[in-house]
Undergrad: 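The following block contains the structure, expressed as structure tokens.
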Amino acid sequence: MPVREVLFKMERNGVMIDSAMLAAQSRELGEKMLAIEAQAHESAGQPFNLNSPKQIQEILFDKLQLPVKKKTPSGTPSTDEEVLQELALDYPLPKILLEYRGMAKLKSTYTDKLPLSVNRTTGRVHTSYSQAVAVTGRLASNDPNLQNIPIRTAEGRRIREAFIAPPGSRIVSADYSQIELRIMAHLSGDAGLLRAFANNEDIHRATAAEVFGAELAAVSNEQRRYAKVINFGLIYGMSAFGLASQLNIERSAAQQYIDLYFARYPGVKNYMDNTRLQAKAHGYVETVFGRRLWLPEINGANGMRRQGAERAAINAPMQGTAADLIKLAMIKVQHWLETEKLHSRLIMQVHDELVLEVPQAELHLVREMLPKLMCGVAELKVPLLVELGEGKNWDEAH
DNA sequence: AGGTTAAGCGCG
DNA sequence: AAAGCGCGCTTAACCT
């Protein structure tokens, strides 16, 4: 079965949402935003549109003379979250703006809009999956986008509570654990990484132990946090400069961590170098399954674009292989559901996660089989691990 | 009226 | 001079 067929079926299945719950959240957010807006006007000494970056610039940097921390690509002073966080240490207004931004995002993008996407006939939300827009091979979800529903903050997670199963069914979520780092271990063949995954270690803790020369049990929370940033940075081709700004440390210190990492995981260092060489020599990189990303600017004269292509070259094999794997899993799962004539349905895909709507009677079977199907799509040099959750809504299923 | 770009931010 | 990959959506601001 082609993956396109699974996408059609998933789009047709759709997901049930509790519009009344979202409406209540919208009202709550709206009231809080009004109060915050008044505070902001008070603090600024004049009314202004809190949604307007231009007006915020005028107030913060012209009127109040706060220091400019960063500029946007067009040269105007940036008012993004990072800048406001920094200014908030010394001034009251940036903190207020941040609170407003957080709520405005949730209300305008999610709680107000999702109920408008409910199909009149089915009573469900039906996204569209684009199979051929993301260069790495990932899917994209649009109209509405169900791949960027909030989860990282407590307030945001309330929106997930509105993604529900009908009476008699449950929401089941199954996601690949640390999939891109596992793929990095496979592609690089690095002995240390392979061993850590073979032993099913906490990978960030294991990295911290190596980089900081500590016993696994002796790794501090901060050391683990550093290692996590380093691990993600590797996947994205981050530089010492980027790592330094992420960790708020000196660039030289960041460089030391990177050197230390590559000394402990020489296979990864070797893989990164070879990937850049491959990209420059052939003009493309590819995933484990042979999906190619062409990089026309990898040898270009524009330094900035060339470096961008190098980072894309590093990232694409990992992100792309993960995309290949979950597509294989979707085909396997859909095929299984059909041949077994089950009533469980695939309803969403979020890059490394599959979401199903499962009748109570099939819950036991799906809990047993879904991870097996997902883990069995390929034999890599490391085991694939799937974490499964279940509940009456999408939030509980995590 | 309708389209596009910039800035910003939600997710993996 | 920039500095971390891949997406989509909203609002403001600007353009035709």
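Per chain, numbering begins at 1; letters A, B, ... match sequence-line order.
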Undergrad: If you look at every strand shown and take non-hydrogen atoms under 4.0 Å, does Ile235(A) touch a base, only sugar-phosphate, or nothing?
TA: nothing

Undergrad: Determine whether the side chains of Asn142(A) and Ser128(A) contain a donor N or O and an acceptor N or O closer than 3.5 Å.
TA: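 There is no such pair between these side chains.
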
Undergrad: Looking only at the side chains, is there a donor atom on one of Ser173(A) and Arg160(A) sitting less than 3.5 Å from an acceptor on the other?
TA: no

Undergrad: Just how far, in rounded Å, is C1' of dT10(C) from CD1 of Ile159(A)?
TA: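 About 14 Å, once rounded to whole Å.
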
Undergrad: Return yes when atom NZ of Lys71(A) has more than 12 non-hydrogen atoms of other residues, nucleotides or ligands closer than 6.0 Å, and no otherwise.
TA: no

Undergrad: Treat a base pair as Watson-Crick or G-U wobble with both distances under 3.5 Å, then lay out DNA chain C in dot-bracket form, 5' to 3', with | for cross-strand pairs.
TA: ....||||||||||||

Undergrad: Of all the choices, dG10(B), dC14(C), dG12(B), which nucleotide is nearest to the side chain of Ile151(A) once you look at every atom?
TA: dG12(B)

Undergrad: Does atom CZ of Arg305(A) have more than 12 heavy-atom neighbours, drawn from other residues, nucleotides or ligands, at distances under 6.0 Å?
TA: no

Undergrad: Where the side chain of Arg101(A) is concerned, which of dG8(C), dG8(B), dG12(B) is the nearest nucleotide?
TA: dG8(B)

Undergrad: Can you confirm whether Lys381(A) is buried at NZ, in the sense that more than 12 heavy atoms of other residues, nucleotides or ligands lie under 6.0 Å from that atom?
TA: yes

Undergrad: Using a cut-off of 6.0 Å, state whether more than 12 heavy atoms not belonging to Glu42(A) lie near its atom CD.
TA: no

Undergrad: Do Val358(A) and Ser169(A) touch side chain to side chain, with heavy atoms closer than 4.5 Å?
TA: no

Undergrad: Of all residues at least two apart in sequence or in a different chain, which pass the side chain to side chain donor-acceptor pair (under 3.5 Å) check with Gln25(A)?
TA: none

Undergrad: Does either side chain, that of Gln46(A) or that of Lys63(A), offer a donor lying less than 3.5 Å from an acceptor on the other one?
TA: yes

Undergrad: dG6(C) C1' sits how many Å from Arg311(A) CZ, rounded?
TA: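 In whole Å, dG6(C) C1' and Arg311(A) CZ are 13 Å from each other.
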
Undergrad: From dA2(C), dA12(C), dG12(B), pick the nucleotide closest to the side chain of Met304(A)?
TA: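 Selected nucleotide (nearest to the side chain): dA2(C).
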
Undergrad: OP1, OP2 of dC7(C) versus side-chain N and O of Asn148(A): anything below 4.0 Å?
TA: no

Undergrad: Honestly, is Arg4(A) close enough over Phe8(A), meaning NZ or CZ under 6.0 Å from the six-membered ring centre and within 45° of the axis?
TA: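 Cation-pi check for Arg4(A) and Phe8(A): passes.
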
Undergrad: Determine the Euclidean distance between corresponding C1' atoms of dG8(B) and dA1(C); express it in Å to zero decimal places.
TA: 23 Å

Undergrad: What residues from residues 383-398 of chain A pass a heavy-atom cutoff of under 4.0 Å to DNA chain C?
TA: none

Undergrad: Which residue is it: Val377(A), Val366(A), Leu346(A)? I am looking for the one with a side-chain contact (heavy atoms from CB on, under 4.5 Å) to Val333(A).
TA: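 Of all the options given, the one that passes is Leu346(A).
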
Undergrad: Decide whether Thr127(A) and Ser141(A) meet the rule of one side-chain donor and one side-chain acceptor closer than 3.5 Å.
TA: yes

Undergrad: Using a 4.0 Å cut-off on heavy atoms, which residues in residues 108-143 of chain A reach DNA chain B? List them by number, or say none.
TA: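 Within this stretch, Tyr110(A), Arg138(A) sit under 4.0 Å of the strand.
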
Undergrad: Is the distance from the ring center of Tyr265(A) to that of Tyr261(A) below 6.0 Å?
TA: yes

Undergrad: Give the rounded distance in Å between these two atoms: CD of Glu180(A) and P of dC5(C).
TA: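 Nearest whole value for this atom pair: 13 Å.
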
Undergrad: Can you confirm whether the side chains of Glu338(A) and Gln334(A) place a donor and an acceptor under 3.5 Å from each other?
TA: yes

Undergrad: Just checking, any donor-acceptor pair under 3.5 angstrom between side chains of Asp259(A) and Gln255(A)?
TA: yes

Undergrad: Using the side-chain heavy atoms of Tyr236(A), tell me which of these nucleotides is nearest: dG12(B), dC11(B), dG4(C).
TA: dG4(C)

Undergrad: Taking the same atom, C1', in dT5(B) and in dG4(C), what whole-Å distance lies between them?
TA: 23 Å

Undergrad: Tell me, which of residues 68-90 of chain A have any heavy atom that sits under 4.0 Å from an atom in DNA chain B?
TA: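 When residues 68-90 of chain A is checked for heavy atoms under 4.0 Å from DNA chain B, the hits, listed by number, are Thr72(A), Pro73(A), Ser74(A), Thr76(A), Ser78(A), Thr79(A), Asp80(A), Glu81(A).
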
Undergrad: Please give me every residue in residues 276-292 of chain A whose heavy atoms get under 4.0 Å of an atom in DNA chain B, ordered by residue number.
TA: none

Undergrad: Under 6.0 Å from the ring centre and within 45 degrees of the ring axis: does the NZ or CZ of Arg251(A) meet both conditions for the six-membered ring of Phe241(A)?
TA: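 Ring-cation test returns no.
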
Undergrad: If you only use heavy atoms from C-beta on, which nucleotide in dG6(C), dA3(C), dA2(C) is closest to the side chain of Asn315(A)?
TA: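 Among the listed nucleotides, the one closest to the side chain of Asn315(A) is dG6(C).
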
Undergrad: Examine the side chains of Glu390(A) and His398(A) and answer whether a donor and an acceptor come within less than 3.5 Å of each other.
TA: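 Glu390(A) vs His398(A): no donor-acceptor pair found between side chains.
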
Undergrad: Send over the distance from Gln307(A) CD to dA2(C) P, rounded to a whole Å.
TA: 12 Å

